[in-house]
Amino acid sequence: MNLILLGPPGAGKGTQAKLIEDSRKIVQLSTGDMLRAAVAAGSDIGQKAKAVMERGELVSDGIVIDIISERIDEPDSQAGFILDGFPRTVAQAEALDTLLAEKGKVLDAVIEMRADDDKLVERITGRFTCGNCGEGYHDVYKRPAREGICDKCGATEFKRRADDNAETVRSRLEAYHAQTKPLITYYGDRGKLSSVDGLASIDDVEKQIEEVLNGIGSNE
Ligand code: AP5
């Protein structure tokens, strides 16, 4: 099963991608995570991406298309994948269509996670992750069961993203509305789009997505 999670920053794409990974045994492919790893490693791509990400703008299409094309070829993507944060422009969506056709793969569904901008700022500025395993948390909505200890791996170091401040979040939202939102029409026109209410609780959103995934193939 090959999926896209589409939605504004903070809509819960990463949170739900991890839940789908566990339930469906398919891999999360997050271009944001890949770019942050490149920045941390100081690679050529990382050096090009760093300032762009800090401004909350989009990295060039060519860079992310190459990253995703290579990543889809890796062994752990063969059972299926969840694209989280890609595509983000119509040019990226067209490139994805071409590269999936070349690789003999099919896109099964695009799940739009709907959410209002006001709520998203609160979501993003409250976010933190485990410094060891990357498990995601939130100051209000998802705290570790034992304070200061990661539920998943037991680590005690947590981190916050450099672009998770109110000013950069506003730029990221502008980029979403101008460049990514047109993909709702793009995939709607192709009969691939389903929508869920991203403002519901994490459990409820998971259930809504589960319903969409259970329906894949039944309408064909
Ligand atoms: P990226 O890393 O993709 O960030 P984003 O799209 O801005 O999305 P986020 O990771 O911020 O949000 P999310 O939807 O995953 O929410 P989450 O689950 O964490 O991109 C970063 C940057 O990289 C971009 O700005 C750009 O520069 C560059 N980039 C990446 N891909 C690119 C591409 N394809 N092209 C060009 N540039 C690219 O949830 C947020 C918080 O809310 C968490 O704390 C979570 O616990 C909490 N939460 C989640 N769901 C719920 C819920 N239902 N109820 C309550 N709380 C919830």
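Both counts, for ligands and for their atoms, begin at 1 and track the order of listing. Heads up: numbering here begins at 1 and tracks the sequence.
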Between ligand 1 and [X], is the shortest N or O to N or O distance under 3.5 Å?
{"X": "K142", "answer": "no"}
{"X": "L58", "answer": "no"}
{"X": "D33", "answer": "no"}
{"X": "G56", "answer": "no"}
{"X": "A11", "answer": "yes"}
{"X": "G14", "answer": "yes"}
{"X": "S30", "answer": "no"}

Can you tell me which residue and heavy atom of the protein come closest to [atom], and the distance to 0.1 Å?
{"atom": "atom 9 (P) of ligand 1", "value": "R127 NH1, 3.2 Å"}
{"atom": "atom 31 (N) of ligand 1", "value": "T31 OG1, 2.8 Å"}
{"atom": "atom 47 (C) of ligand 1", "value": "R123 CD, 3.9 Å"}
{"atom": "atom 29 (N) of ligand 1", "value": "L35 CD1, 3.5 Å"}
{"atom": "atom 6 (O) of ligand 1", "value": "R88 NH2, 2.6 Å"}
{"atom": "atom 51 (C) of ligand 1", "value": "I202 CG1, 3.3 Å"}
{"atom": "atom 16 (O) of ligand 1", "value": "G12 N, 3.2 Å"}
{"atom": "atom 8 (O) of ligand 1", "value": "K13 NZ, 3.2 Å"}

For ligand 1, indicate whether the residue [X] contacts it via side chain, backbone, both or neither (heavy-atom separation under 4.0 Å).
{"X": "S60", "answer": "neither"}
{"X": "V59", "answer": "both"}
{"X": "F128", "answer": "neither"}
{"X": "M53", "answer": "both"}
{"X": "T15", "answer": "both"}

Any link between V59 and V90 through a network of hydrophobic side chains (Ile, Leu, Val, Met, Phe, Trp, Tyr) touching at under 4.5 Å?
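Yes, same cluster.
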Pair D164 + R127: basic N to acidic O under 4.0 Å:
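A salt bridge links D164 with R127.
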For E210, is there an ion pair with R24 - N to carboxylate O distance below 4.0 angstrom?
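Salt bridge: yes.
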Report the C-alpha separation of R71 and D76 in whole Å, then their side-chain angles, then the decisive distance to 0.1 Å, and conclude whether the salt bridge (Lys or Arg N to Asp or Glu O under 4.0 Å) test is met.
CA-CA 9 Å; R71 192 63 188 79; D76 63 346; 2.8 Å; yes
Okay, side chain of [X], backbone of [Y]: is any donor-acceptor separation there less than 3.5 Å?
{"X": "K181", "Y": "A178", "answer": "no"}
{"X": "K119", "Y": "G10", "answer": "no"}
{"X": "R88", "Y": "G85", "answer": "yes"}
{"X": "H138", "Y": "R143", "answer": "no"}

With the threshold set at under 4.0 angstrom, would you say [X] reaches ligand 1 through any of its heavy atoms?
{"X": "R36", "result": "yes"}
{"X": "A200", "result": "yes"}
{"X": "D163", "result": "yes"}
{"X": "G10", "result": "yes"}
{"X": "G7", "result": "no"}
{"X": "G198", "result": "yes"}

By number and element, which atoms of ligand 1 are closer than 4.0 Å to a non-hydrogen atom of [X]?
{"X": "Y137", "value": "43 (C), 44 (O), 46 (O)"}
{"X": "Y141", "value": "55 (C), 56 (N)"}
{"X": "S201", "value": "53 (N)"}
{"X": "Q92", "value": "33 (C), 34 (N), 35 (N), 36 (C)"}

Just go through E57, Q16, M34 and tell me whose heavy atom is the nearest to atom 26 (C) of ligand 1.
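Closest candidate by heavy-atom distance is E57.
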Which is closest to atom 21 (C) of ligand 1 by heavy-atom distance: R172, R161, H138?
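Heavy atom nearest to atom 21 (C) of ligand 1 belongs to R161.
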In sequence, state the C-alpha distance, the side-chain angles, and the governing distance for D84 and K18, and then conclude on salt bridge (Lys or Arg N to Asp or Glu O under 4.0 Å).
CA-CA 10 Å; D84 162 8; K18 290 214 160 19; over 6 Å; no
Please check if the number of heavy atoms outside [X] that lie under 6.0 Å from its [atom1] is greater than 12.
{"X": "K103", "atom1": "NZ", "value": "yes"}
{"X": "D189", "atom1": "CG", "value": "yes"}
{"X": "K142", "atom1": "NZ", "value": "yes"}

Report the relative orientation of the aromatic rings in Y137 and F128; use parallel for angles under 30°, tilted for 30 to 60°, perpendicular for over 60°.
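Rings of Y137 and F128: parallel, as their planes differ by under 30°.
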Within the structure provided, determine whether [X] and [Y] are in side-chain contact (heavy-atom separation under 4.5 Å).
{"X": "S195", "Y": "I111", "answer": "no"}
{"X": "V64", "Y": "L35", "answer": "yes"}
{"X": "L3", "Y": "I216", "answer": "yes"}

Check D163, D117, I124 against V169 for a side chain to side chain contact (heavy atoms under 4.5 Å, CB included) and give me the one that passes.
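The side chain to side chain contact (heavy atoms under 4.5 Å, CB included) with V169 is passed solely by I124 among D163, D117, I124.
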Just do the salt bridge (Lys or Arg N to Asp or Glu O under 4.0 Å) check on E211 and K207 with the steps written out, would you?
CA-CA 6 Å; E211 276 174 29; K207 285 193 193 102; over 6 Å; no
